[in-house]
Amino acid sequence: QVQLVESGGGLVQPGESLRLSCAASGSIFSIHAMGWYRQAPGNQRGLVATISIGGGTDYADSVKGRFTISRERNTVYLQMNSLRPEDTAVYFCNVIVGTGSYWGQGSQVTVSS
């Protein structure tokens, strides 16, 4: 079993920054990729950013230049700068390992003035 525990969500004002963390534990032998997805009320869950084992990254167009994904061992981070109200959503981390794909519990990020 793989467990993902997220932290770092909260309420911020537009233009401010926030850093999300997601720590994976359990039966992990190798991580192929980790990523972040978000879902706003009434919307479908969508990709925010992913990072592969080789270090390659992909970002949604809406966050390019503002968000940065990184990974250390079994923890993936999402540095979010210049936050906008439209970034408000529940953010879910995801990890792809040899046994499958797993999701974190979700972290609420609210950007409001």
Side-chain angles (χ1 to χ4, degrees):
Q1 184 179 355
V2 176
Q3 299 86 38
L4 299 177
V5 179
E6 300 181 24
S7 62
L11 172 65
V12 297
Q13 295 183 342
E16 294 184 341
S17 298
L18 207 58
R19 181 179 169 92
L20 301 180
S21 299
C22 176
S25 63
S27 301
I28 301 175
F29 291 94
S30 64
I31 295 175
H32 299 307
M34 302 187 79
W36 291 92
Y37 296 74
R38 67 186 181 186
Q39 186 170 17
N43 294 329
Q44 184 177 343
R45 185 178 302 185
L47 169 73
V48 176
T50 61
I51 183 167
S52 69
I53 57 173
T57 57
D58 288 306
Y59 296 91
D61 288 341
S62 59
V63 307
K64 287 181 179 178
R66 300 187 298 119
F67 290 11
T68 302
I69 188 171
S70 61
R71 181 181 68 85
E72 291 184 9
R73 194 171 176 267
N74 293 338
T75 302
V76 63
Y77 305 92
L78 185 67
Q79 178 66 44
M80 302 182 291
N81 298 327
S82 302
L83 283 162
R84 305 166 180 170
E86 53 263 41
D87 294 318
T88 296
V90 177
Y91 285 69
F92 299 88
C93 68
N94 173 264
V95 59
I96 298 175
V97 298
T99 55
S101 179
Y102 299 87
W103 293 91
Q105 80 279 9
S107 299
Q108 178 67 51
V109 173
T110 302
V111 185
S112 177
S113 59

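Along the sequence shown, residues are numbered consecutively beginning with 1.
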How close do [X] and [Y] get, counting heavy atoms only, and between which atoms?
X	Y	value
S7	S107	N-OG, 4.2 Å
S17	S82	OG-N, 4.2 Å
V95	V2	CG1-CG1, 4.3 Å
K64	D61	NZ-OD1, 3.1 Å
L4	G104	CD1-N, 3.5 Å
V76	M34	CG1-CE, 3.6 Å

Mark yes when over 12 heavy atoms from residues, nucleotides or ligands other than E86 sit less than 6.0 Å from its CD; otherwise mark no.
yes
Shared ILVMFWY cluster between L11 and V90, side chains joined below 4.5 angstrom? no
Point to revise | Shared hydrophobic cluster, V97 / I69 (ILVMFWY, side-chain heavy atoms < 4.5 Å) | key: yes
Passes side-chain hydrogen bond (donor to acceptor under 3.5 Å, both in side chains), S70 versus E72? Steps please. CA-CA 7 Å; S70 61; E72 291 184 9; over 6 Å; no
When you compare the side chain of [Y] with that of [X], does any pair of heavy atoms fall below 4.5 Å?
X	Y	result
F67	V48	yes
Y59	T68	yes
M80	V63	no
I31	I96	no
C93	Y37	no
P85	P14	yes
T88	V109	no

- Query: Do you see a donor-acceptor pair shorter than 3.5 Å between the side chains of S62 and R38?
  - Reply: yes
Would S25 and N74 count as having a side-chain donor-acceptor pair, cut-off 3.5 Å?
no
Look at the side chain of [X] and the backbone N and O of [Y], then say whether any donor-acceptor pair between them is shorter than 3.5 Å.
X	Y	result
E6	G106	yes
N94	Y102	yes
R71	R73	yes

salt_bridge(D87, R84) N-O dist < 4.0 Å: no
d(H32 NE2, I53 CD1) to nearest 0.5 Å is 7.0 Å
The reported gap from CG in L78 to SG in C22 (rounded to nearest 0.5 angstrom) is 10.5 Å
- Message: Against the six-membered ring of F92, is R45 placed for a cation-pi contact (under 6.0 Å from the centre, within 45° of the normal)?
- Response: yes
